[in-house]
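Inspection log for the structure reproduced underneath, given as C-alpha cells.
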2 protein chains.
Amino acid sequence: MAPDGSHHGYHHGNLRDAVVAGAVEAIGRSGVVALSLREVARAAGVSHTAPAHHFGDKTGVLTAVAAQGYSLLADALAAPSVRSLVDAGVAYVEFAVAHPAHFDVMFRRELLRWDDADLLREGQRARQALRAALADGGPVDEAAAWSVVHGFATLWLTGAIPDDGTDLGDDPAVAARRVLESRFG
Amino acid sequence: MAPDGSHHGYHHGNLRDAVVAGAVEAIGRSGVVALSLREVARAAGVSHTAPAHHFGDKTGVLTAVAAQGYSLLADALAAPSVRSLVDAGVAYVEFAVAHPAHFDVMFRRELLRWDDADLLREGQRARQALRAALADGGPVDEAAAWSVVHGFATLWLTGAIPDDGTDLGDDPAVAARRVLESRFG
DNA sequence: GTTGAAATCTTTGCAGTGGCTAGATTGCCG
DNA sequence: CGGCAATCTAGCCACTGCAAAGATTTCAAC
C-alpha cells in the first residue's frame, strides 16, 4: 500500500474487505442471483480472479458476507437499548431492513459453507443473543417469536406487507412493534 | 406428438409444462441460483434455447413457476378442511414444505415479471384466500398471523428451527400448529 | 544488506451459461 | 394442395466461474 493509503499493482492491502463490501453492494443492487465476481473485481479495481482466489470460490465470498451479517445481528441484539422481547424483535427487523443483502444471504443455506470457522462462530453468537432476548418461556414461545420477526422482515423486504393495503405505515420498525405488542406485549 | 405419447423432432407438444416441471425439479435439487435453462432443456429432451424461446427469457420461466406456486397455495388455503385461522396457517406451512422450490421463487421479487397476467391473477387469488382465512381482526392481526406462518415456514426450510435444539419434533405441520395455537388459539 | 521463501495478486485458458438472430420443421385451414 | 403461422432448432457472441501457472511484493533469517 502506498503511503497515502491508495493501492496499486500487486498487494492491494485490503482486498478482503473491499471484496466483501463490493459484493454486499452488488447484491443489494441486483440480488444474489445476478452477483458476478468479475463485476465485484472490476469495482474493487483488482483482477477478475482475485475474489475467488482469496476466498476459494464464490461460495467463500458469500460465506464471508453471511458471517459479517451474523456479527452485525449479534451486536444489534446485544445492544444495551434492547431490554425486552419486543425490543429484540424490533432490532431484528431493523437489522434486516438496514442490511437486506446480508439478511438474504444469511438464510440461503445452499449458498454457504457451513464448515467455515468465522461463519460458525458469528452464527452461534447471533443465535445465543437471539435466544437470550426471546426466550421467556419454552421452545414453542421462542419459535413463535423468532417466526414472527423473521417472517415480518422477509415479507416487508419483498414488499408483500406494505403493498397489500394493510395500513401499517411506512416505517418497518414502528409496524413491527405494533405487530409484536399485539401478540407478545 | 407420437401416438404412444412420446415426443421427437419439432413440436414437443407440451413443452411449457415440461420446462416448468423440470425447472421446479432442478431448483429443488440445487437452488434457484444454480438453475440453468440448458440443463432443464437437456432433461426435457429439447434444444437449449427452447425454454427461453417459449417463455421469453429466464425470468419468464421463473414467473411461470411462481404463478403455479400461487395457484397451488390458493387452492390449499381454500380447501374445505381449512376451517380456522390455525388451519390456514398450518396449510400455509404444509404448502411451503411440500413445494419448497415454488415457495422460494414466489417471494423473490427481483426474479419475477410482475406484469405477467398469470402471475397477477394467481397471486391475487392466493392473497384473497389468505386474507379470508387470516383476517379475524384488523391489519395488525393479519400481518401478525401471516408473519408467523411465513417466518416459520422459511426458518423450517432453511433448517434453522429444527436444528437449534428447540424440541418441536420433526413434523413441521404439528410444530406449526403448536406454535400457532400458542398465540392465535 | 542480501537472499530465499512465502504470501499476494495477475494472466491465460477452458467449459458452461443466457440471449439474440436466422433458419428448419410441422400442423392447420382455406 | 398450398401457403401460413406456430413451434422448435442451430449457430453465434459476450459473459461467467474456476483451475493452473506466472509475476510481484513482503518479510524474516542471516
Side-chain angles (χ1 to χ4, degrees), chain A residues 1-23 25-27 29-65 105 108 110-113 116, chain B residues 1-23 25-27 29-65 105 108 110-113 116:
Chain A
M1 180 125 57
D4 62 350
S6 71
H7 51 78
H8 46 70
Y10 284 74
H11 290 72
H12 176 281
N14 203 8
L15 190 146
R16 182 184 172 91
D17 291 351
V19 166
V20 170
E25 196 273 334
I27 294 171
R29 195 154 29 82
S30 335
V32 216
V33 178
L35 177 66
S36 153
L37 291 188
R38 287 168 113 108
E39 178 193 350
V40 170
R42 282 191 290 269
V46 293
S47 80
H48 59 264
T49 52
H53 180 270
H54 195 88
F55 291 93
D57 58 352
K58 195 174 186 176
T59 299
V61 175
L62 294 176
T63 299
V65 170
V105 173
R108 302 197 69 81
E110 81 272 13
L111 300 180
L112 305 180
R113 181 185 280 286
D116 181 84
Chain B
M1 177 121 57
D4 62 350
S6 70
H7 51 80
H8 45 71
Y10 283 73
H11 289 72
H12 177 281
N14 202 7
L15 191 144
R16 182 186 171 90
D17 291 352
V19 167
V20 170
E25 196 274 333
I27 294 171
R29 195 155 29 79
S30 333
V32 219
V33 178
L35 177 66
S36 155
L37 290 189
R38 289 169 113 104
E39 176 193 353
V40 170
R42 281 191 292 268
V46 293
S47 78
H48 60 267
T49 51
H53 180 269
H54 195 87
F55 291 94
D57 57 354
K58 194 173 188 177
T59 299
V61 176
L62 294 177
T63 299
V65 170
V105 173
R108 310 206 109 253
E110 80 272 14
L111 300 180
L112 306 179
R113 286 171 50 95
D116 180 84

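- The side chain of Ser47(B) contributes no N or O atom lying less than 4.0 Å from OP1 or OP2 of dA10(D).
- Per the geometry, NE2 belonging to His48(A) stands 10 Å off C1' belonging to dG17(D), to the nearest Å.
- One can place CG of Leu37(B) at 16 Å from C1' of dT9(D), the figure rounded to the nearest angstrom.
- By the salt bridge (charged side-chain N to carboxylate O under 4.0 Å, His left out) test, Asp17(B) is found to be paired with no residue, residues two or more places apart in sequence or in another chain being considered.
- Closest to the side chain of Arg42(B), from the set dG17(D), dC18(D), dT17(C), is dT17(C).
- For the pair Val61(B) and Val19(B), the minimum side-chain heavy-atom distance is below 4.5 Å.
- Residues Ile27(A) and Leu62(A) are in side-chain contact: their nearest non-hydrogen atoms beyond the backbone lie under 4.5 Å apart.
- One N or O donor and one acceptor, one from the side chain of Arg38(A) and one from the base of dG17(D), sit under 3.5 Å apart.
- For Thr49(B), whose side chain is taken as the heavy atoms from C-beta onward, the closest listed nucleotide among dG18(C), dT16(D), dA10(D) is dA10(D).
- In summary, Glu110(A) and Arg29(B) do not engage in a salt bridge, as defined by a charged side-chain N under 4.0 Å from a carboxylate O.
- Shown for residues 50-62 of chain B: residues whose heavy atoms fall under 4.0 angstrom of DNA chain D, namely Ala50(B), His53(B), His54(B).
- Residues meeting the salt bridge (charged side-chain N to carboxylate O under 4.0 Å, His left out) test with Arg16(A), sequence neighbours left out: Asp118(A).
- Under a cut-off of 6.0 angstrom, the local environment of CZ in Arg113(B) is sparse, with at most 12 non-hydrogen atoms contributed by other residues, nucleotides or ligands.
- For Leu15(B), the side-chain atoms get nearest to dC8(D) when compared with the rest of dC8(D), dC9(C), dG19(C).
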